[in-house]
Enquirer: 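Would you mind keeping the following structure in view while I ask a few things?
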Amino acid sequence: MSPIVLTTGDMLLAAALIAAGAALSFLLSLGVQRTLLVCAVRMAVQLALVGSVLLFVFGHASVWLTVGLLAFMFAAATWEAGSRQQVRLAPGWHFGIAGIATVAGTVIVALVGLLTALQPHPWYVARTAVPLTGLLLGNVMNATSLSMNTLLSTIMRERLAIEARIILGATRSQAMNGMIRQAIRTALLPTLNQMAAAGIITMPGIMTGQILAGMNPLEASRYQILLMSLIVSGNLIGATSAACLTAWRLTDSRGRLRLERLRARSAKG
């Protein structure tokens, strides 16, 4: 079976569906028609640009082009992961922790996949390394952001309880371990739900795309299992790193809670 190639007419059909959704929003007074249209245009432009960039990168077997593209992706993911929280650390620390956790979770697991199961030749070839890294990066970014947001919000809400535990002799780890564990669990929940529902309630996007491209369904399911395993591992690394580094930054060497290092989103930075 050869891949299904979409025509201009197929793209016009997709645009018509978006337009119909906007019209329905207008008729029902939902107020989301403008947002829907803007997001659709942004999506189309961004994906077209990405496709063009990837076509160029894939056509030039240059490790520097691959590294440059990945570096740009990591920088964008760092910004997105750090910009979702209502309560933040100082900008340098906040985006630094978000970036370290996101990059660490992505790079470690991407290397595992490239060097073991996938094994492209060379292992850094753009056609394999860039899509795999992009898939993992988006998921790890979300897990990192959820972990930081949950922990920061919980610390602000439970600060008196944390300080009371410390006064009574608890170390900073003992005072905050429960909150750290909860932040990590919250960050992993969407991925765990996706894994539990895969194949029974929903057909995963990766598997669907490969089947539509002509791959044997059994082989596609194997790829889906591998990639979901990589995703949950990367998410766990990213969420754990983000939570532990955030908790470390909010305490000092004497175990005191340092809430002055936090600032509301509306504040500078």
Side-chain angles (χ1 to χ4, degrees), residues 1-11 13-14 17-18 43-44 46-48 50-61 63 66 69-70 73-74 77 102-144 146 184-240:
M1 178 180 176
S2 59
I4 300 173
V5 179
L6 301 181
T7 65
T8 302
D10 298 322
M11 295 296 96
L13 174 61
L17 292 173
I18 297 295
M43 174 192 68
Q46 289 172 177
L47 288 176
V50 167
S52 299
V53 170
L54 291 179
L55 188 63
F56 176 79
V57 172
F58 291 171
H60 295 75
V63 65
T66 303
L69 178 58
L70 292 177
M73 293 166 63
F74 285 136
T102 301
V103 173
T106 302
V107 170
I108 291 172
V109 177
L111 288 176
V112 170
L114 290 171
L115 296 176
T116 58
L118 300 179
Q119 296 185 4
H121 299 286
W123 63 267
Y124 55 81
V125 64
R127 184 171 290 276
T128 304
V130 172
L132 177 63
T133 303
L135 173 67
L136 296 170
L137 183 59
N139 285 277
V140 176
M141 177 193 73
N142 289 334
T144 298
L146 280 172
I184 297 170
R185 284 195 294 264
T186 300
L188 293 178
L189 187 59
T191 306
L192 296 177
N193 287 341
Q194 185 181 1
M195 292 177 70
I200 299 177
I201 300 174
T202 180
M203 182 72 73
I206 301 166
M207 183 176 175
T208 301
Q210 289 179 316
I211 292 174
L212 290 175
M215 179 176 283
N216 179 290
L218 184 57
E219 293 297 324
S221 69
R222 291 177 178 174
Y223 269 95
Q224 183 68 52
I225 293 169
L226 170 65
L227 293 175
M228 284 304 302
S229 300
L230 294 176
I231 287 170
V232 72
S233 300
N235 289 0
L236 181 58
I237 294 171
T240 303

Enquirer: Any side-chain heavy atom of P122 within less than 4.5 Å of one from V125?
Expert: yes
Enquirer: Could you pull out all residues at least two apart from R222 that satisfy salt bridge (charged side-chain N to carboxylate O under 4.0 Å, His left out)?
Expert: E219
Enquirer: So which atom in A117 and which in L226 form the shortest heavy-atom distance, rounded to 0.1 Å?
Expert: CB-CD2, 3.6 Å
Enquirer: Where do V232 and L188 come nearest, in terms of heavy atoms and distance?
Expert: O-CD2, 4.4 Å
Enquirer: I'd like to know whether OH of Y223 has more than 12 heavy-atom contacts from other residues, nucleotides or ligands below 6.0 angstrom.
Expert: no
Enquirer: Please check this pair: side chain of D10 against backbone of T7, looking for a donor-acceptor N/O pair closer than 3.5 Å.
Expert: yes
Enquirer: List the atom of A239, the atom of A187, and the distance in Å for their closest heavy-atom pair.
Expert: CB-CB, 3.7 Å
Enquirer: Show the nearest heavy-atom pair for residues I211 and A220, with the distance to one decimal.
Expert: CG1-CB, 3.9 Å
Enquirer: Tell me, do F74 and L137 make a side-chain contact under 4.5 Å, heavy atoms counted?
Expert: yes
Enquirer: Would you compute the distance between atom NE2 of H121 and atom OG1 of T128 and round it to the nearest 0.5 angstrom?
Expert: 10.0 Å
Enquirer: For the residue pair L132 and L227, establish whether any side-chain heavy-atom pair is separated by less than 4.5 Å.
Expert: yes
Enquirer: So, do V103 and V140 sit near enough that their side-chain heavy atoms are less than 4.5 Å apart?
Expert: no
Enquirer: Between CZ of F56 and CG of L69, what distance do you get to the nearest 0.5 Å?
Expert: 11.0 Å
Enquirer: Once side-chain hydrogen bond (donor to acceptor under 3.5 Å, both in side chains) is applied, what residue pairs with a partner in residues 131-143 remain, sequence neighbours excluded?
Expert: none
Enquirer: How long is the straight-line distance from CD1 of I231 back to CD of Q194, given to the nearest 0.5 Å?
Expert: 6.5 Å
Enquirer: Mind checking whether L146 and L189 have side chains closer than 4.5 Å, heavy atoms only?
Expert: no
Enquirer: Which distance, rounded to the nearest 0.5 Å, do you find between the CE of M228 and the CE of M207?
Expert: 13.0 Å
Enquirer: Rounded to the nearest 0.5 Å, what's the gap from OH on Y124 to CG on L114? Could you check?
Expert: 12.5 Å
Enquirer: Which atom pair, heavy atoms only, marks the closest approach of P131 to A126?
Expert: CD-O, 3.3 Å
Enquirer: If you round to the nearest 0.5 Å, how far is CD1 of I108 from CG of L230?
Expert: 12.5 Å
